[in-house]
Trainee: 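Just passing along the structure, written as structure tokens.
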Amino acid sequence: MSRKLLLKLSRLSFIKVMAATPAPRWLVLIADLAIVVLSCVFVFLFNTTLSGEGIFYTPIAKIIIVFLSYLIFSLVYKSYQYIVRLSVMSDIYRIAILVVTSSFFLVLLILMLELITGNRFISIWNIFIIGVFSFSLMMCMRLVIKYLYALFSGNVLKRKPVIVLGSAINSFVLASALKNEVDGRFDPVALLSLSEKKNETMVNGIPIIKYKKDEIIEVFQKYKCDTLLFLSTQIELMRSGFADIFLENNIKLLMLNQVEEFEVEENASLNLSTHVQNIKIEDLLGRDIIKNNNPLIEQQIHNQVVLITGAAGSIGSEIVRQVALFNAKEIILVDQAETPMHELQLELEEKYPNVKVKLFIGDITNRIRMEHVFEQYRPRYVFHAAAYKHVPMMENNPSEAIHTNVFGTKIIADLAIKYDVEKFVMISTDKAVNPTNVMGASKRIAEIYVQSLFFNQIKTKDGHCTRFITTRFGNVLGSNGSVIPRFRQQIEEGGPITVTHKDIIRYFMTIPEACQLVLEAGCMGLGGEIYIFDMGKPIKIYDLASRMITLAGLRPNIDIQIVETGLRPGEKLYEELLNDKELTMATTHKKIMIAKVRTYEYEEIVKHISKLEQMLMNDNLHDIVVEMKQIVPEYISQNSKWQDIDVEIKSAKTIINNKQ
């Protein structure tokens with residue numbers, strides 16, 4: 001290795017060490033006090049107008065008095081505590097307070113000694129001059145250190161240029177902090193102002209540029225930058241469509257996840273860059289989280305036994321986490337997936353060590369096994385999340401959809417009554433509204449059964465009734481097997497991204513949102529309700545794919561292709577949350593409504609389910625689907641092999657009508 005290269009590496013290592021290791025705080029204190037002594041020497045050398053007898057009149061004594069005063073107030077105000085190369089406005093404030101307070105104290109001391117001795121050992125004008133010199137030199141020292149550090153770190157430690165969104169104080173503080181950060185990853189080259197009043201100017205060496213939509217490309221090209229950095233507090237602006245302006249122009253987006261003020265102690269370091277993250281599609285699709293009525297949930301769940309089916313799934317596991325926050329007496333987890341249950345157990349032991357959790361491996365269609373869990377633990381609340389959910393798979397396996405989604409639900413619901421459960425909350429889906437597939441129809445039949453079961457209790461029981469409540473919502477972001485993880489995987493593999501149809505749209509919500517809805521419904525429900533959630537605007541899946549590609553720093557249909565594969569069996573272009581004939585009623589929560597749906601007589605639905613049970617035993621798939629369509633007349637198959645049954649039913653009705 002050459003001598004020149006060794007020297008270069010040594011220099012780089014030295015700078016990194018200096019960057020990573022702040023100077024000791026006592027060293028800053030000594031430097032400040034040395035400046036005070038230097039100011040005193042300068043003043044006293046050129047000002048000898050005051051004279052007198054006694055120890056207080058010697059130059060050394062005067063310097064010691066001034067020195068001690070500044071030392072005392074430096075310790076009081078801790079003006080030396082900030083890392084010099086990172087400090088900005090805080091230094092000015094603390095040093096100003098130090099100088100003013102020390103000067104005021106010295107003036108009082110001078111006046112007091114003058115009353116005692118009759119002589120003024122230092123002029124008040126000298127105190128003022130010392131204060132001005134000290135303040136100026138302290139600030140100069142800090143500015144020189146900041147400049148040298150910025151010079152070396154900027155030349156040696158390569159940083160990514162970014163433009164920071166906004167020109168308000170938070171954006172300015174962020175830009176300044178990143179610019180002066182230890183081993184920083186980012187170099188803020190400009191602030192992008194959204195204010196109409198802001199003109200182009202410069203703050204702390206960072207130019208402020210007024211935002212103009214038509215000039216975005218030119219601005220980023222001018223500063224040789226391809227990245228916009230914004231604060232997490234600005235996420236609502238980005239969600240409103242503002243982010244698309246940058247994504248369409250291939251400008252990357254970064255978000256500072258949190259903003260903290262750092263009161264840096266000795267040997268501490270500032271790592272603001274670690275809080276900067278690539279923005280994910282979930283960040284842009286999310287909305288304000290539902291705010292739970294925590295006291296009500298706490299009141300109902302506190303010290304109660306809660307049973308959750310499908311506990312290892314995306315929704316079930318999040319319900320477990322949220323219930324764990326409300327001091328349940330015991331949480332019973334029911335699922336047949338062994339490995340996910342084990343992983344969930346490890347997570348709960350780590351995050352909620354004081355929560356009593358019982359794992360119960362079992363299939364909800366196994367009545368004997370399910371009765372055992374009810375008999376052993378006697379749950380007060382049941383959250384029923386277990387179900388088959390993948391539309392194409394259930395379209396080809398209708399017997400399993402009925403077996404799990406209908407009969408599994410029936411078993412859990414019947415046991416809830418038998419063992420005197422207070423509330424049973426069923427998680428349903430928007431696909432149960434005007435279903436076009438087996439999965440959606442099976443969930444609608446499950447809804448019908450639990451609702452009719454509740455109203456049958458009202459008619460036949462005089463005492464306590466188990467309250468059955470249903471919640472409907474759309475797709476959840478990041479759930480197992482959902483579109484976003486699939487797209488992300490396809491992007492990582494270099495594409496293409498596959499969408500079934502260019503015009504297909506879906507409603508989305510986050511998993512925490514969905515589970516908060518479930519908890520809220522479980523608390524406010526009186527029984528028999530089907531709750532729906534204000535899902536906001538639907539999202540075009542093709543646009544979702546395009547945005548995810550752009551967020552990855554790539555170009556749609558150039559770097560990553562988007563390919564249409566055609567609608568899958570049972571899939572429809574548009575999902576609905578309400579049947580056309582259904583109405584809604586408002587609740588105490590502005591984003592939660594009650595669907596006024598058609599109700600069924602319990603005896604009627606039981607007869608239909610008995611027929612389905614017989615057909616399951618014979619594994620007659622055709623007859624199973626026919627019976628499902630009899631129970632749910634609005635179930636019309638789309639893009640499915642079961643469409644012929646709709647033709648058969650329509651023909652049969654025509655014949656009957658003609659005979660009449």
Trainee: Side chain to side chain donor-acceptor pair (under 3.5 Å) with T309: which residues, sequence neighbours excluded?
Mentor: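 Here the qualifying residues are H384.
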Trainee: Tell me, please, which residues at least two apart from E248 pass salt bridge (Lys or Arg N to Asp or Glu O under 4.0 Å).
Mentor: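 In terms of salt bridge (Lys or Arg N to Asp or Glu O under 4.0 Å), with neighbours along the sequence ignored, E248 is linked to no residue.
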Trainee: What is the distance from atom CD1 of I217 to atom CG of N249, rounded to the nearest 0.5 Å?
Mentor: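 If we round to the nearest 0.5 Å, I217:CD1 and N249:CG are 3.5 Å apart.
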Trainee: Evaluate the side-chain proximity of E343 to S317: yes if any heavy-atom separation is below 4.5 Å, no if none is.
Mentor: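 Result no, sub-4.5 Å side-chain heavy-atom pair not found.
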Trainee: Sequence neighbours excluded, which residues qualify as side chain to side chain donor-acceptor pair (under 3.5 Å) partners of S546?
Mentor: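 Scan of S546 (side chain to side chain donor-acceptor pair (under 3.5 Å), adjacent residues dropped) gives none.
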Trainee: Does the side-chain contact (heavy atoms from CB on, under 4.5 Å) test come out yes or no for L519 and F326, once each step is laid out?
Mentor: CA-CA 11 Å; L519 291 179; F326 292 106; 4.1 Å; yes
Trainee: Do R321 and L325 come within less than 4.5 Å of each other through their side chains, counting heavy atoms only?
Mentor: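 When only atoms from C-beta onward are counted, L325 and R321 do not touch, as no gap falls below 4.5 Å.
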Trainee: So how far is it from Q643 CD to Q638 CD, rounded to the nearest 0.5 Å?
Mentor: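 So the CD of Q643 and the CD of Q638 are separated by 7.5 Å.
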Trainee: Could you tell me whether the side chain of M548 reaches within less than 4.5 Å of the side chain of R488, counting heavy atoms only?
Mentor: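 R488 vs M548: side chains touch.
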Trainee: Determine whether a donor-acceptor pair (N or O, by modelled atom type, separation under 3.5 Å) exists between the side chain of K443 and the backbone of I427.
Mentor: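 The answer is yes, because a donor-acceptor pair under 3.5 Å joins these two groups.
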Trainee: Does R486 offer a backbone N or O that forms a donor-acceptor pair with the side chain of Q489 under 3.5 Å?
Mentor: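 It does not hold such a pair.
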Trainee: Should V323 and Y352 be marked as a side-chain contact (heavy atoms from CB on, under 4.5 Å) after you check the CA-CA gap, both sets of side-chain angles, and the distance that decides it?
Mentor: CA-CA 11 Å; V323 168; Y352 309 100; over 6 Å; no
Trainee: Less than 4.5 Å apart, any side-chain heavy atom of Y223 and any of P207?
Mentor: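 Side chain of Y223 against side chain of P207, heavy atoms only: contact under 4.5 Å found.
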Trainee: For P496 and V563, which heavy atoms make the closest approach, and how far apart are they?
Mentor: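 Looking at all heavy atoms of both residues, the shortest contact is CB-CG2, 3.7 Å.
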Trainee: Could you give me the CA-CA distance, side-chain angles and deciding distance for N396 and K641, then say whether side-chain contact (heavy atoms from CB on, under 4.5 Å) is met?
Mentor: CA-CA 9 Å; N396 294 322; K641 61 183 178 181; 4.0 Å; yes
Trainee: Quick one: closest heavy-atom pair of G310 and A386, and the distance?
Mentor: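 Minimum heavy-atom separation between G310 and A386: N-CB, 3.5 Å.
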Trainee: Rounded to the nearest 0.5 Å, what separates atom CG in L191 from atom CG in L229?
Mentor: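 If I round to the nearest 0.5 Å, the distance is 10.0 Å.
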Trainee: Could I get the full list of salt bridge (Lys or Arg N to Asp or Glu O under 4.0 Å) partners for K351, not counting sequence neighbours?
Mentor: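 Scan of K351 (salt bridge (Lys or Arg N to Asp or Glu O under 4.0 Å), adjacent residues dropped) gives E347.
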Trainee: Could you work out, with side-chain contact (heavy atoms from CB on, under 4.5 Å) as the rule, every residue matching I560, not counting sequence neighbours?
Mentor: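 If we apply the side-chain contact (heavy atoms from CB on, under 4.5 Å) test to I560, skipping adjacent residues, the hits are I497, I549, L554.
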Trainee: Do Q451 and T470 have a side chain donor and acceptor closer than 3.5 Å?
Mentor: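 The criterion, which ignores hydrogens and geometry beyond distance, is not satisfied for T470 and Q451.
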Trainee: Ignoring hydrogens, what is the shortest heavy-atom contact between I532 and A595? Give both atom names and the distance.
Mentor: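 Taking every non-hydrogen atom into account, CG2-CB, 4.3 Å.
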Trainee: Only one of T409, N437, N405, T404 passes side-chain hydrogen bond (donor to acceptor under 3.5 Å, both in side chains) with S442; say which it is.
Mentor: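 So the option named by the test is N405.
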Trainee: For I308 and G316, which heavy atoms make the closest approach, and how far apart are they?
Mentor: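 Minimum heavy-atom separation between I308 and G316: CG2-O, 4.0 Å.
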Trainee: Given the rule in the side-chain hydrogen bond (donor to acceptor under 3.5 Å, both in side chains) test, do E318 and Q322 qualify, once you have shown the distances and angles that lead to the verdict?
Mentor: CA-CA 6 Å; E318 181 62 23; Q322 294 195 20; 3.0 Å; yes
Trainee: Mind checking what makes side-chain contact (heavy atoms from CB on, under 4.5 Å) contact with T587, not counting sequence neighbours?
Mentor: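 T587 satisfies side-chain contact (heavy atoms from CB on, under 4.5 Å) with M524, Y531, H589, I592, I594 once adjacent residues are dropped.
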Trainee: Is it the case that the side chain of E564 and the backbone of H501 share a donor-acceptor pair, with hydrogens and angles ignored and the cut-off at 3.5 Å?
Mentor: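 Between the backbone of H501 and the side chain of E564 there is no qualifying donor-acceptor contact (under 3.5 Å).
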Trainee: Just to verify, what does E447 make a salt bridge (Lys or Arg N to Asp or Glu O under 4.0 Å) with, not counting sequence neighbours?
Mentor: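 Partners of E447 under the salt bridge (Lys or Arg N to Asp or Glu O under 4.0 Å) test: R444, R472.
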Trainee: Decide yes or no for L237 and L165: does some side-chain heavy atom of the first lie under 4.5 Å from some side-chain heavy atom of the second?
Mentor: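 Yes. Closest side-chain heavy atoms under 4.5 Å.
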Trainee: For R547, give me all partners under salt bridge (Lys or Arg N to Asp or Glu O under 4.0 Å), at least two apart in sequence or on another chain.
Mentor: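 Salt bridge (Lys or Arg N to Asp or Glu O under 4.0 Å) list for R547, sorted by chain: D244.
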Trainee: Under a 4.5 Å cut-off applied to non-hydrogen side-chain atoms, are K629 and S637 in contact?
Mentor: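 Yes - at least one pair of side-chain heavy atoms lies under 4.5 Å apart.
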Trainee: Which pair of heavy atoms, one from I163 and one from C225, lies closest together, and at what distance?
Mentor: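 The pair with the smallest heavy-atom distance is N-SG, 3.7 Å.
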Trainee: Kindly give the heavy-atom pair with the smallest separation between A545 and I562, and that separation in Å.
Mentor: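 Closest approach of A545 to I562: CB-CD1, 4.1 Å.
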Trainee: So, D226 and K160, do they make that salt bridge, N to O below 4.0 Å?
Mentor: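 Salt bridge flag = yes for K160 with D226.
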Trainee: With a 4.5 Å cut-off on side-chain heavy atoms, are D646 and Y635 touching?
Mentor: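 When only atoms from C-beta onward are counted, D646 and Y635 do not touch, as no gap falls below 4.5 Å.
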Trainee: Look at the side chain of D335 and the backbone N and O of A337, then say whether any donor-acceptor pair between them is shorter than 3.5 Å.
Mentor: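 Answer holds: yes.
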Trainee: Using the side-chain contact (heavy atoms from CB on, under 4.5 Å) criterion, which residues pair with T500? Sequence neighbours excluded.
Mentor: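 T500: side-chain contact (heavy atoms from CB on, under 4.5 Å) contacts with I504, T565, L567, R568, E571.
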Trainee: Once you round to the nearest 0.5 Å, how far does CG of L333 lie from CD1 of I319?
Mentor: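 Reported to 0.5 Å precision, the distance equals 11.5 Å.
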Trainee: What residues, two or more places apart in sequence or in another chain, satisfy side-chain contact (heavy atoms from CB on, under 4.5 Å) together with I558?
Mentor: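 Here the qualifying residues are R555.
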Trainee: With the side chain counted from C-beta on, respond yes when M255 and Q234 share a heavy-atom pair under 4.5 Å apart, and no when they do not.
Mentor: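 No, too far: nothing below the 4.5 Å cut-off.
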Trainee: Enumerate the residue pairs fulfilling salt bridge (charged side-chain N to carboxylate O under 4.0 Å, His left out) with a member in residues 489-504, sequence neighbours excluded, ordered by first and then second residue.
Mentor: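 Every pair satisfying salt bridge (charged side-chain N to carboxylate O under 4.0 Å, His left out) with a residue in residues 489-504: D503-K540.
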Trainee: F242: which residues meet the ring-ring contact (aromatic ring centres under 6.0 Å, His included) condition with it, sequence neighbours left out?
Mentor: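 For F242 the ring-ring contact (aromatic ring centres under 6.0 Å, His included) partners, ignoring immediate neighbours, are Y211, F246.
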